[in-house]
Participant: 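A single structure is presented below for examination.
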Amino acid sequence: MAEEDEILDDSTENGANLSSKEWASSFTVRGVPYAASVFWESLQNVDAPFLDAKDAAENVLVGADLFCVKHGKSPQLGLAISSQGFKKGMNVAAVTAVTSMSDASSLLAVFKVDAGYWYLCVRNDVILSDGDVLFVKEEDAKEQFMSMLSVPDWSKKIAPEEWGIDDTEQRDISEVFAQGLDSKLEKINALRGTELLIVVVLSIAAGAWLISYISETFFKTDVQQMHVQTRRAQKKKVKKVEVVIPAPWESMIDPVWMLDNCRQSILSLTSISAPGWRNQGVTCMASGAMTSWNKEFGRLSWIEMSLAYSGLSFSSKTIDPSSSIVTVSLPFQEAKRIKSAPKKTMTELRHMVNDLFQALNLRISISEEKSTVGGKVYESLKFGITSKYDPEVWKELLTKFSGLRVNNIRYVDGVWNYEGAIYVQ
């Protein structure tokens, strides 16, 4: 079992300060240890999660050397640090529970286990970054549970029966885990997939060469041997299969989807207000939107109450040590993709864009850029637009250009900034 005197790193969730509460890293169910208190992050590269894990270990949870993957509608990456009691090959409790109760997209639960009280919080199939904590003390778990209970629309609420909380049910953790799927902690820096295969193949090849060399060197004789001429079988020519990597515009994020989702999320986030707290602008990309508020006066609980009653499901929320800056992230579902082949040359496209903005009496910054995909170089016209018009207005104008890619949209104090590129023939 993990040491029960470790303290969770600085993080908060709806006012409950987790950094001051004792937590443990594992508990046992029917003799099987399960890892808890895992840090959860969205997973972008589903096909090669260890790349995201390496990046997260350097920039998000510094020092993390173990990871796991939660598949499903919203794939996630779980990070852990072995020095805190986590071990390679240990089952991950959150994945087992979520897959067992997959009918509940939003789950708030506390299970009484041998090492304490395990708290699990899932919103819209996303385990919150601080939604997987094994509390050592019952009062800490209950405080965290009650702080999130004020958030509406939970599909399932689970709590110990002795707490006497209305509209909750008590579940036996062993029965829940019996129906779930297991995911194990793996080493982040271990050789994986293709890397491991290459090492094995090279090792076999080196061994075969060494045996051949020894045989020819030490067992060679000068006695002339009779040569028997045989018919040598012809080697069958294997046709080399050329892997064709499609052009970038063969599968692009739909700009209409991007503009619509960013507009909706930006308007929703900027509508959240609290006395004394000022919004610092919203940045939107294909994965979701992120914004922060700075405190000019007032209390932290004011902005937290506004967030709780906003009706939005955040994938993460962080608060700086001085409790003066609150940052939240709002995730998107998987992006819609389309095929949009370019139809104009660089010269034609540049003239068209300049003419359009001259007619609108607006300024646009453009520059040529090149990108390499699969050994081929593709050209595009990069653009930047600053305007007071929201995406609904720009949608009709921008989507006239085929090969359009919208990289990000930023909104600050009534001004919209658009960045993207248009591929050329």
Side-chain angles (χ1 to χ4, degrees), residues 11-15 42 74 106 123-124 126 128-130 147-148 150-153 253-320 322-336 362-365 383-399 405-420:
S11 55
T12 56
E13 185 65 38
N14 279 49
S42 61
S74 302
S106 294
R123 290 292 287 185
N124 293 336
V126 174
L128 301 189
S129 58
D130 293 329
S147 69
M148 288 300 295
S150 59
V151 178
D153 301 326
I253 294 177
D254 185 357
V256 174
W257 177 92
M258 179 80 171
L259 292 165
D260 286 343
N261 276 271
C262 284
R263 179 179 184 273
Q264 181 180 351
S265 61
I266 289 174
L267 294 178
S268 298
L269 290 169
T270 54
S271 67
I272 300 174
S273 63
W277 290 82
R278 180 181 177 83
N279 186 270
Q280 300 301 301
V282 184
T283 299
C284 180
M285 296 175 290
S287 59
M290 184 177 68
T291 187
S292 61
W293 289 266
N294 283 13
K295 184 177 74 67
E296 296 177 340
F297 63 88
R299 299 170 53 190
L300 174 63
S301 58
W302 295 356
I303 185 64
E304 289 200 305
M305 184 176 296
S306 297
L307 293 174
Y309 285 100
S310 68
L312 301 177
S313 299
F314 305 109
S315 59
S316 66
K317 183 181 75 173
T318 58
I319 303 175
D320 78 319
S322 65
S323 299
S324 300
I325 302 175
V326 177
T327 303
V328 299
S329 296
L330 189 64
F332 290 157
Q333 296 297 325
E334 185 176 356
K336 178 182 177 182
L362 293 173
R363 296 184 60 185
I364 181 174
S365 63
F383 67 84
I385 304 171
T386 299
S387 168
K388 291 187 177 181
Y389 300 122
D390 72 9
E392 188 64 29
V393 176
W394 282 110
K395 181 168 62 175
E396 183 177 354
L397 295 173
L398 291 176
T399 52
R405 183 185 76 232
V406 180
N407 293 334
N408 64 77
I409 301 173
R410 179 163 174 77
Y411 174 85
V412 183
D413 293 333
V415 179
W416 299 80
N417 295 278
Y418 304 84
E419 292 186 3

Participant: Can you name the residues that form a salt bridge (Lys or Arg N to Asp or Glu O under 4.0 Å) with E392, not counting sequence neighbours?
Facilitator: K395

Participant: Mind checking what makes side-chain hydrogen bond (donor to acceptor under 3.5 Å, both in side chains) contact with T386, not counting sequence neighbours?
Facilitator: N417

Participant: Check side-chain hydrogen bond (donor to acceptor under 3.5 Å, both in side chains) between W394 and all other residues, then give those that pass, not counting sequence neighbours.
Facilitator: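 With neighbours one apart ignored, the set is S387.
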
Participant: Salt bridge or not between K317 and E304? Use side-chain N to carboxylate O under 4.0 Å.
Facilitator: yes

Participant: Does any pair with a residue in residues 263-317 pass ring-ring contact (aromatic ring centres under 6.0 Å, His included), and if so which ones, sequence neighbours excluded?
Facilitator: none

Participant: Contact between S74 and N124 at the side-chain level, heavy atoms closer than 4.5 Å - yes or no?
Facilitator: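 No, too far: nothing below the 4.5 Å cut-off.
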
Participant: For D320, what residues pass the salt bridge (Lys or Arg N to Asp or Glu O under 4.0 Å) criterion, not counting sequence neighbours?
Facilitator: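 So D320 forms no salt bridge (Lys or Arg N to Asp or Glu O under 4.0 Å) with any residue.
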
Participant: Could you tell me the separation between the OG atom of S315 and the CE atom of M290, rounded to the nearest 0.5 Å?
Facilitator: 10.0 Å

Participant: Report yes if the side chains of W416 and I409 come closer than 4.5 Å at any heavy-atom pair, otherwise no.
Facilitator: yes

Participant: Can you give me the closest heavy-atom contact between M285 and N408, atom names plus distance?
Facilitator: CG-CB, 3.8 Å

Participant: Find the distance between CG (L128) and CE (M148) and round it off to the nearest 0.5 Å.
Facilitator: 5.5 Å

Participant: Go through the structure and list residues passing side-chain hydrogen bond (donor to acceptor under 3.5 Å, both in side chains) with D390, not counting sequence neighbours.
Facilitator: R263

Participant: Under the side-chain hydrogen bond (donor to acceptor under 3.5 Å, both in side chains) rule, collect the residues that match up with D413, sequence neighbours excluded.
Facilitator: R278

Participant: Donor-acceptor pairs under 3.5 angstrom involving side-chain atoms of residues 325-336: please list them, not counting sequence neighbours.
Facilitator:
unit_1 : atom_1 : unit_2 : atom_2 : d
S329   : OG     : S316   : OG     : 3.2

Participant: How long is the gap from CG on L398 to CG on L259, to the nearest 0.5 Å?
Facilitator: 6.5 Å

Participant: Which atom pair, heavy atoms only, marks the closest approach of A308 to P152?
Facilitator: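 In terms of heavy atoms, the two residues are closest at O-CD, 4.0 Å.
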
Participant: Take L312 and S268 through the side-chain contact (heavy atoms from CB on, under 4.5 Å) test and state the conclusion after the steps.
Facilitator: CA-CA 8 Å; L312 301 177; S268 298; 4.1 Å; yes

Participant: Taking disulfide (SG to SG under 2.5 Å) as the cut-off, I'd like each qualifying pair that reaches into residues 280-309, sequence neighbours left out, listed once.
Facilitator: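 Applying disulfide (SG to SG under 2.5 Å) to every pair that reaches into residues 280-309, excluding sequence neighbours, yields C262-C284.
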
Participant: Once rounded to the nearest 0.5 Å, what's the spacing between atom OG of S323 and atom CZ of R299?
Facilitator: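 Rounded to the nearest 0.5 Å, the OG-CZ separation comes out at 11.5 Å.
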
Participant: Got a second to check how far S306's OG is from I303's CD1, nearest 0.5 Å?
Facilitator: 5.0 Å

Participant: Got N407 and R405 here, is their nearest side-chain heavy-atom distance under 4.5 Å?
Facilitator: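 Yes, their side chains come closer than 4.5 Å.
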
Participant: Just grab all the side-chain hydrogen bond (donor to acceptor under 3.5 Å, both in side chains) pairs involving residues 280-291, residues at least two apart or on different chains.
Facilitator: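 Counting only pairs at least two positions apart or across chains, the side-chain hydrogen bond (donor to acceptor under 3.5 Å, both in side chains) contacts touching residues 280-291 are N279-T291, T283-R410.
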
Participant: To the nearest 0.5 Å, what is the distance between CE (M258) and CD1 (I253)?
Facilitator: 6.5 Å

Participant: For S271, which residues count as a side chain to side chain contact (heavy atoms under 4.5 Å, CB included) partner, sequence neighbours excluded?
Facilitator: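 S271: no side chain to side chain contact (heavy atoms under 4.5 Å, CB included) contacts found.
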
